[in-house]
Amino acid sequence: MFHMDMTMPDAVDFIDDAKLEGLVAGMREDPEAVRRVIAKSLSKEALTVEETAVLLGAESPALVEEIFEAARTLKREVYGNRIVFFAPLYVGNFCVNDCKYCGFRRSLTTAVRHTLSDEELVRETQALEALGHKRLILVYGESPKYDPEFIAHTVRTVYGTKNGRGEIRRVNINAAPLDEAGFRTVKAAGIGTYQIFQETYHKATYAQWHPAATTKGNYLWRLNAFDRAFRAGIDDMGLGVLFGLYDWRFEVLAMVTHARYLQATFGVGPHTLSFPRIKPAEGLKLDLKWQVSDAEYKRLVAILRLAVPYTGLIMTAREPAELRHEVLAFGVSQIDAGTKLEIGGYQEKRTGAEQVLNREQFQVGDTRSLDEVIGEILDDGYIPSFCTSCYRLGRTGEHFMEYAIPGFIGKFCTPNAIMTLAEYVQDYASPAVKVKGEAVIARELEKLEPRLQVEAKARLARIRAGERDLYF
Ligand code: SAM
Ligand code: SF4
């Protein structure tokens, strides 16, 4: 039987609730201070928690618009116009925890429970490959069934599954916190990012939503998950908050605190931040006091962009299509599309709009297919990317942050986005998206510096001739 060592001799609580509460209580709009902080952020310096609080204090529409405009500028200047695509794959929904917002919680007797068999996992992976996906995040409930060996086995199974020219080149995981030995096991299977959300950093609220008698009820065990992961050799970490449980401004300050803590302690900040809003789930009524409105959601994304200029931002299909469209411009770097949350949902013929809540964790807001979303973002001037190059060339962690190295994006990310878009266009795109994709490839090639352009054109010719997986 799997045993997890939950003793925490080195536990660190770096979230000072009272300090963050004080910053929230003291927030007053100060246009001059807001502009000073914006200027610092535009010089690509990370913000302190206090500076982030200054931005959160802005309320008047004109000042909020200045923050949005700054986020758009930073997005254009630092990140360029790529959007990286991924898909979540739900492996199993057995769960020992009872998080009151979740469709997998153990007390929910109407939930249909299932763990994908190896054959089913292969079929799900092939169904995703047939759409053009190259990057997945595997998601698991917390259960003795999903011990580190099991997680590692599923990661290896996905890497080993091909479908014609289709293959998964990067597997991230979102799984309950492990002990150090467990993290070493999943690291050895070749995971990309280890993602885990604190849900809420506010301790009293955390206790309300996560019963004390459950594993997840242990706030510090979760808060220190990345410390253990890092000690086990994982240097690619994705943190997040489930917005709607507590005051969004407190949570933004806490996320920035966590990011700064990791940077200061391990020399590596988080690779990504996630900021899902709570969505309807089986048996969950959403009359939440702290529900985040669309207007607040836009502010929180723009402020996170300015606060952590070197961290990727992930926006999931929990959000509706129109809002995703608008918020992309604030510097979101990764999105999912064509998402199915039902266990086994990718092989089924049901359309995205027909969701069955007792078979999934929560409701998806953007039910469009991958091809539709790619078509839209091509129209908007972005380059969709399926690039997995850095992870595979070991460009992770302490010595590497793609946004921090001057010229890196132009030299590696943009050409790699073009290469992976060319693969998508050749192998998977609908006729209309093919036309748009080819136009964007031609336009983006012209923008590369001359020597790189020659090399990229040569590689594109090889892709058109049938070679795959050529990266810079
Ligand atoms: N069981 C692991 C855990 O709790 O960390 C990992 C997987 S859990 C299925 C992934 C995430 O889904 C949770 O961290 C939570 O933030 C999110 N989630 C749960 N219920 C949700 C809901 N009703 N709406 C939106 N997101 C939800
Ligand atoms: Fe289980 Fe995770 Fe859902 Fe909590 S959020 S009930 S731990 S699957």
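Remember, it's a predicted structure, so these values are computed and weren't measured experimentally. Atoms within each ligand, like the ligands themselves, are counted from 1 in listed order.
For D118, there are no salt bridge (Lys or Arg N to Asp or Glu O under 4.0 Å) partners at least two apart in sequence or on another chain. Scanning for side-chain contact (heavy atoms from CB on, under 4.5 Å) contacts around A11 gives M8, L220, N224, with sequence neighbours left out.
Ligand-side atoms of ligand 2 in range of G141: 8 (S), range being under 4.0 angstrom from any heavy atom. Every atom of ligand 2 is numbered from 1 in the order shown, and the set under 4.0 Å from a heavy atom of N97 is 7 (S). For ligand 2, the atoms lying closer than 4.0 Å to a non-hydrogen atom of F104 are 3 (Fe), 8 (S). Taking every non-hydrogen atom of C99 and a distance limit under 4.0 Å, the qualifying atoms of ligand 2 come out as 4 (Fe), 5 (S), 6 (S), 7 (S). Taking every non-hydrogen atom of C95 and a distance limit under 4.0 Å, the qualifying atoms of ligand 2 come out as 1 (Fe), 6 (S), 7 (S), 8 (S). Short contacts between ligand 1 and V139, defined as distances under 4.0 Å to a heavy atom of the residue, involve ligand atoms 7 (C), 9 (C). Near K216, the atoms of ligand 2 lying under 4.0 angstrom from a non-hydrogen atom of the residue are 2 (Fe), 4 (Fe), 5 (S), 7 (S).
Side chains of Y194 and D235: a donor-acceptor N/O pair is absent below 3.5 angstrom, by distance only. If you check the side chains of Y261 and D227, you find a donor sitting under 3.5 Å from an acceptor. A side-chain N or O of T48 and one of E51 form a donor-acceptor pair less than 3.5 Å apart. For the residue pair Q195 / T272, no side-chain donor-acceptor distance below 3.5 Å is found, with atom types taken as modelled.
At a heavy-atom distance under 4.0 Å, atoms from both the backbone and the side chain of C102 approach ligand 1. Contact annotation for L242 and ligand 1: only side-chain heavy atoms (C-beta onward) come within less than 4.0 Å of the ligand. Under 4.0 angstrom from ligand 1, there are no non-hydrogen atoms of H210. Using a 4.0 Å cut-off between heavy atoms, F197 contacts ligand 1 through its side chain alone, with no backbone atom that close. Counting heavy atoms closer than 4.0 Å to ligand 1, residue N97 contributes nothing at all.
Taking the six-membered ring for Trp and the full ring otherwise, F85 and H133 have centroids separated by 6.0 Å or more.
In summary, H210 places no N/O/S atom under 2.8 Å from atom 4 (Fe) of ligand 2, failing the contact criterion.
The residues R228 and D5 are annotated as not salt-bridged, no charged nitrogen and carboxylate oxygen being separated by less than 4.0 angstrom.
Counting heavy atoms only, R222 comes closest to atom 3 (C) of ligand 1 of the residues R222, E282, E199, K100.
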